[in-house]
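Comments concern the structure below.
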2 protein chains.
Amino acid sequence: MPRSAQINPPAETKPARRTSQRPTIRDVSRLAGVSRMTVSRVLSDPDMVLPATRERVLKAVADLGYVPDRAAGSLSSRRTGFIALMLPTLTNANFAAVAHGLTEALREAEYHLLIAYTDYDMAEEERQLRNLLARRPEAIVLTGAVHRRTATRMLLAADIPVVEIADLPSQPIEHAIGFSNYQVGRTAARYLIDRGFERIGAIAASPDGDVADHRGEERMRGFEDELRLSRRATDLVLRHGSAPVSFHHGAAAIRELLARDDRPQAVFAVSDLSAVGAVMECQRLGVRVPEDVSIMGFGDFEIGGEINPPLTTIHVDFRALGQRTGGMLLDLLSRNAEAGSGEPRIVDVGLRVVERASVKDG
Amino acid sequence: MPRSAQINPPAETKPARRTSQRPTIRDVSRLAGVSRMTVSRVLSDPDMVLPATRERVLKAVADLGYVPDRAAGSLSSRRTGFIALMLPTLTNANFAAVAHGLTEALREAEYHLLIAYTDYDMAEEERQLRNLLARRPEAIVLTGAVHRRTATRMLLAADIPVVEIADLPSQPIEHAIGFSNYQVGRTAARYLIDRGFERIGAIAASPDGDVADHRGEERMRGFEDELRLSRRATDLVLRHGSAPVSFHHGAAAIRELLARDDRPQAVFAVSDLSAVGAVMECQRLGVRVPEDVSIMGFGDFEIGGEINPPLTTIHVDFRALGQRTGGMLLDLLSRNAEAGSGEPRIVDVGLRVVERASVKDG
DNA sequence: CGTCTTTATGGGACCGATATCATCATCGAT
DNA sequence: ATCGATGATGATATCGGTCCCATAAAGACG
């Protein structure tokens, strides 16, 4: 009685019932005539098995089109290979760049990014966080977005590295890597003051209620503080509409500022999006930039360098930020495996004024 | 001897060894004095248990800060709650919008999007696909990005719904929802021809080798075909640089076209990014748009509506596309549960010329 | 009031991998 | 020739949930 299995129904020795057709590690092991453990080794640490055995297993894997089930693997090894990333939205070039840089940095180590957006909604934030944690990420990256008591508690309970990025919070949960939005505001104000302007305005969104993003408001706080330190009035700091800001936001806001009797000589916009919108609106109104009004932005979006005049702005390298975050995570995760997690790390990536033509001396 | 457990070390009856501190369903069940199954029911189908029991369980869940482990759940229930999305990049407003719309549509049904980018690299595409499938998504959404034989085979083997979006391929793998890039090209050409232009040009990227994205080239194919049908020359169709295109790309390309002796009267750019770059370059060169040259784009990016003159373009609602895809997926997945998957569905969401001021009659 | 449903809950196997330890063969050193 | 060290592979328990079926209690009905 030849024991060679029939080709079609690969029902072998033990569990006869199979609900799905998808091959498991057991199918591979049978086809290759080895134990499941050997198959597992071939796929995770190939040097550990003899070349001959390895080839046999790899052939079986290829023949069956076997793709291991990471859910099962995760459960057993307690390593999911997930990194969670929570951000306000992906519809923002800078956040998309962060996600991009992070993915790149993690790709080699075979980590997969789990992305959740809050859409600037705090209730959503908590739900999303719970969903994320249910996937047992090995670390979580936040975009200055966690405020609720409950959310923080969940994070701590999860007992994984937490990295806050894009903002350096005064009281970081654990690690942080980014820049100070407050400093952005101060730097912008300082820059405009040094150019000799007296009447300096700004464009921002109102920091109303439940918006899970205070980064813009931080910038404004810094901006106003610096103005005050130099005895400038802050009444031209306009909070118009609500976040997230947009080209339209900038257009509407600059219109309002230009209509004032004490029209500002220079305006800082909370985001390049608003700044570009403002410049475009000026073009339409026949208001010359920078001759009639200087405009400065934040974020160094690609479009800012392309418009006429090109936009003076404050640059932060978000993609690099994502990559550095990835690097830090890999370090934390490997280190974590060998010893205690160690000190919280705070990294300031700094910022840089990019001088272009939309601001001239006042 | 009182059997009330000590508060701190909740080590109870059976398995004494616990490597992590994180509570499991077993801890909850013990604290609530019910079976694990009852806890599971409370969390997945609350109406199935008595209100009194339910409250007790929920309290235990809250007290312990219990968050279920979806990996374990997935393994057992064979439902991961993942939908895979593969796209060329997230650093493109339209793709980000798709992801956004899709997330929204799936949010309610508690599906989680697993995003992978290929960065327009075909080798990466295959690796990414394998990684995605290892997470056992219940469906997969592709952005006209799968070409390799192996990749297609893996998809078929995975035995899950496959939806290709943003392009309507001539030979869809299964379902498809989107628009025809070829039609985009034809529509653009038709529009410009109808405006009475004779010398019509275009700006695109060269479709070189291993770029996993032929959508742009499809547009150009349609554009050229339509030109030919109307006896127009196609020698002003310029393929400059390689994908992905950018503002700079458009600027450089329009410069090249404008330098020609037979300078075009109207130019269609493969993307609004290029188109906006072209308009900005014209501003710099003192070439008036549309008086000296008309410019038309594709994609209806937000910035297009803001520049001066605002850009005539072809609109496709990518966010809606994402949402409709989500809707289709939910339908497929629920239907799949009850019966055979049924016919492949092909949905054309169409496109629409948005007439603004960057094109005038020739 | 006994029998038949219906409803709420529990028991145990199982999902598909990996961790851990045992086993067996091979080989150099004594 | 004997023995411990080394390397390759296998057997089994386990990860943390859910499926499936059993069972007990409560209500329906003649």
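FYI, side chains are in, hydrogens and waters are out, and symmetry mates aren't considered; it's all heavy atoms of this structure. Lettering follows sequence order; numbering is per chain, from 1.
Near DNA chain C, meaning a heavy atom under 4.0 Å from it, residues 35-44 of chain B has B:S35, B:R36, B:M37, B:T38, B:R41 in order of number.
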(Q) Applying side-chain contact (heavy atoms from CB on, under 4.5 Å) to A:Y111 and A:L330, what does each step give before you reach the verdict? (A) CA-CA 9 Å; A:Y111 280 104; A:L330 292 180; 3.7 Å; yes
Q. What's the verdict on side-chain contact (heavy atoms from CB on, under 4.5 Å) for A:H175 and A:E164, showing C-alpha distance, side-chain angles and the deciding distance?
A. CA-CA 6 Å; A:H175 312 287; A:E164 289 169 282; over 6 Å; no
(Q) Would A:L114 and A:L85 count as a side-chain contact (heavy atoms from CB on, under 4.5 Å) here? Give the steps. (A) CA-CA 6 Å; A:L114 262 186; A:L85 171 65; over 6 Å; no
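Look at B:R136 and you won't find any side-chain N or O under 4.0 angstrom from OP1 or OP2 of C:dG16.
Contact detail for A:L129 and A:A151: the closest heavy-atom pair is CD2-O, 3.6 Å.
One can place CZ of A:R135 at 17 Å from P of D:dG16, the figure rounded to the nearest angstrom. Taking atom CZ of residue B:R79 and atom C1' of nucleotide D:dT18, one finds them 12 Å apart after rounding to whole Å. Following rounding to the nearest Å, B:L50 (CG) and C:dA8 (C1') show an atom-to-atom distance of 6 Å. Here the C1' atom of nucleotide D:dC20 and the CZ atom of B:R78 are 14 Å apart, to the nearest Å. Nucleotide D:dT18 holds its P atom 12 Å from the CG atom of A:L75, rounded to whole Å. When the P atom of D:dG7 is taken as reference, atom CZ of A:R54 falls 15 Å away, rounded to whole Å. One can place CE of B:M48 at 12 Å from C1' of C:dG10, the figure rounded to the nearest angstrom. In this structure, the CG atom of A:D27 is 12 Å from the P atom of C:dC15, given to the nearest Å.
Remark: the A:S76 side chain and the C:dT18 base include a donor-acceptor N/O pair separated by less than 3.5 Å.
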For nucleotides 25-27 of chain D, tabulate all protein N/O to nucleotide N/O atom pairs closer than 3.5 Å, reporting atom names and distance.
none

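Note that OG1 of B:T325 is 4.0 Å distant from CD1 of B:I177, once rounded to the nearest 0.5 Å. Of the inter-residue distances, the one linking B:E125 atom CD with B:L142 atom CG reads 8.0 Å to the nearest 0.5 angstrom.
Each end of the helix from C:dC1-D:dG30 to C:dT30-D:dA1 gets its own rotation axis from five pairs of C1' atoms, and the angle between them is 40° to the nearest 10 degrees.
Listed by first and then second residue, the salt bridge (charged side-chain N to carboxylate O under 4.0 Å, His left out) pairs involving residues 48-74 of chain A are A:K59-A:D63, A:D69-B:R136 (not counting sequence neighbours).
Counted by atom type alone, B:Y117 and B:E124 present zero donor-acceptor pairs between their side chains at under 3.5 Å.
Not counting sequence neighbours, the partners of B:D119 by the side chain to side chain donor-acceptor pair (under 3.5 Å) test are A:H100. B:Y66 meets the ring-ring contact (aromatic ring centres under 6.0 Å, His included) test with no other residue; sequence neighbours excluded.
B:S74 comes within 4.0 angstrom of nothing in the nucleic acid, heavy atoms only.
For A:R41 and A:D47, the salt-bridge test fails: no basic side-chain N is under 4.0 Å from an acidic carboxylate O.
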